[in-house]
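For reference, the structure is listed below as structure tokens.
Remember, it's a predicted structure, so these values are computed and weren't measured experimentally. First the proteins, then the strands, lettered A, B, ... as listed; each starts at 1.
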Protein chains: 2
Amino acid sequence: MTARNAAGGESRVRLSRDRVLLTAIQLADDGGIERLTMRRLGEELGVEAMSLYNHVSNKEDLLHGMIDAVFGEIELPLHSDDWKTALRKRSVSVREVLARHPWANGLMDSGTNPGPATLRHHDRVLGTLRSGGFSLAMTAHAFSALDSYIYGFARQEKALPFDTSEQAAAIAQVMLAGLPASEYPYLFELTAKHVLQPGYSYSSEFTFGLDLLLDALETARDSDANSAQAASGG
Amino acid sequence: MTARNAAGGESRVRLSRDRVLLTAIQLADDGGIERLTMRRLGEELGVEAMSLYNHVSNKEDLLHGMIDAVFGEIELPLHSDDWKTALRKRSVSVREVLARHPWANGLMDSGTNPGPATLRHHDRVLGTLRSGGFSLAMTAHAFSALDSYIYGFARQEKALPFDTSEQAAAIAQVMLAGLPASEYPYLFELTAKHVLQPGYSYSSEFTFGLDLLLDALETARDSDANSAQAASGG
DNA sequence: ACCTGAACACCGTTCAAGT
DNA sequence: ACCTGAACACCGTTCAAGT
């Protein structure tokens, strides 16, 4: 039995930054980020909106805190795994976490001040690459390419109206009906002959691109190491 | 001499959906998306906010229109180029356009109704892959992987506090000072020994990942074609 | 130290009224 | 057909006042 609070329920539990953050995340998960207002969050916590400012300096601070909490949910790469499986697992975890908190992806452009969970996460990823034999420059390349792909995929998953494969089929049907086939022949073809086929699900595209990238990075690391060896060893 | 309107300037030019959209984009470019309000947009056009509703059904419609206009700025892949250079050029163009309109990237999750420019763009990309010898399944893979990477990179560019290399250096200095080196050793190492080095610029990471992906997709296409041939021929 | 009520300067959007 | 003024139901945030 948790201290979780039904909507409108009274609560004598003490307010705290953690409780504010967790409730805010839950609210955004359930109703979308646009439903998260200070007033509504206060209500959910059985408190006036103004009380929140005792635990959060403003709404921006609230959002930063939420983002960092979400980062904390991501599985860190394990030292016991080799770099590729370690990063593959954490990449899959990133995608799962972003699917659980779809609002988070569009909010991370705040940029400036990453929280401690965010920093720890990035540090571990970098460490995994370095220990895996990546040079500093190659680590920067790999980090950039991998994270771009992962966050971009999560973005894409939200942008495309597909969700489950059944839903995809339903929506694709509608889109097909609305699409002038002559004007967009390739969209028509892909939708009709591929997306609408039973068993198709956009989410399975994730691992294809991920493995493509991981394998390519491994190759790049090896040729990078070879050229460095050739240059120093003669 | 355009009909462009200085802030607060009177204008007797007729309002139109295009003029509303273009001014809105300019406003978002200059002041960020959060400065784009119906009232401010009206003011910029020398008109009351309520007049906008004659050309745009609501703010969501306004944002959809802006997004589609931004898509229209992206260079379409050329039929005269081979698939790889065609997609490389348009990928670079996507990134340039998103850098010009940073607010656009976070807004495309609206999903449901893509505009005509968006559809035409996607159709041409799919057509380029199909003409380049990609199977239907491989086209879906490539489209997903490539666009995930591109949009993700644009997102990353906004999320990281780096901009120009000089600015990167300045910010990295500050970050370094604030970072407990013992707690985040790999972040420390990368920042100090790589990002802070003269000539480093995050934006150059873009082409590394792009070419890595394009080459890997070409390889995947070839082995896909070979296995299909073997299955039917053998 | 924490919470509240009233208030301020904003939002998007409606609606009846003007031209 | 297009534009406006007043109004409504919201926002985030402040500040003095309560306990």
_Rounded interatomic separation in angstrom, taking CG from A:Leu36 and P from D:dC10_ = 16 Å
_Using a strict heavy-atom distance below 4.0 Å, which residues from residues 51-59 of chain A are in contact with DNA chain D?_
A:Tyr53, A:Asn58, A:Lys59
*How close or far is atom P of C:dC3 from atom CD of A:Glu43, stated in whole angstroms?*
17 Å
*asked:* Reading 5' to 3' and counting Watson-Crick or G-U wobble pairs with both distances under 3.5 Å, write the dot-bracket notation for DNA chain C, | for bases paired outside the strand.
replied: ||.|||||...|||||.||
*Under 3.5 Å, is there a donor-acceptor pair between the A:Glu205 and A:Tyr200 side chains?*
yes
*For B:His55 and B:Arg19, test the side chains for any donor-to-acceptor distance below 3.5 angstrom and give the result as yes or no.*
no
*Is the distance from OP1 or OP2 of D:dC11 to the nearest side-chain N or O of A:Arg40 less than 4.0 Å?*
yes
*For A:Met38, report the nucleic acid contact type (base, sugar-phosphate, nothing); a contact means any heavy atom under 4.0 Å.*
sugar-phosphate
*Rounded to whole angstrom units, what separation is found between the CG atom of A:Leu63 and the C1' atom of D:dG12?*
12 Å
*Roughly, in whole Å, what's the span from CZ in B:Arg35 to C1' in C:dA9?*
15 Å
*Can you name the nearest heavy-atom pair linking B:Glu75 to B:Ser93, along with the distance?*
N-OG, 2.9 Å
*Can you tell me how far C1' of C:dC10 sits from CD of B:Glu34, to the nearest Å?*
14 Å
*B:Asp61 bridged to B:Arg17 by N-O distance under 4.0 Å*: yes
*Rounded distance [0.5 Å steps], CG in B:Leu213 versus CG in B:Leu87*: 10.5 Å
*Looking just at side-chain N and O atoms, do B:His194 and B:Glu189 make a donor-acceptor pair shorter than 3.5 Å?*
no
_Taking CZ in A:Arg35 as the centre, count heavy atoms belonging to other residues, nucleotides or ligands within less than 6.0 Å. Is the count above 12?_
no
_Atom-to-atom span, CZ of B:Arg39 to P of D:dC10 - whole angstrom_ = 15 Å
*Atom-pair distance (CG on A:Leu45; P on C:dT4), nearest Å*: 11 Å
_Nearest 0.5 Å, please: how far is OH in A:Tyr149 from CG in B:Asp147?_
11.5 Å
*In whole Å, what is the span from the CD atom of B:Glu48 to the C1' atom of C:dG12?*
15 Å
*asked:* Using a 3.5 Å distance criterion without hydrogens, assess whether the side chain of B:Lys158 forms a donor-acceptor pair with backbone atoms of B:Pro102.
replied: yes
*Compare the minimum distances between each of C:dT4, C:dG12, C:dC15 and the side chain of B:Met50, then state the nucleotide with the smallest one.*
C:dC15
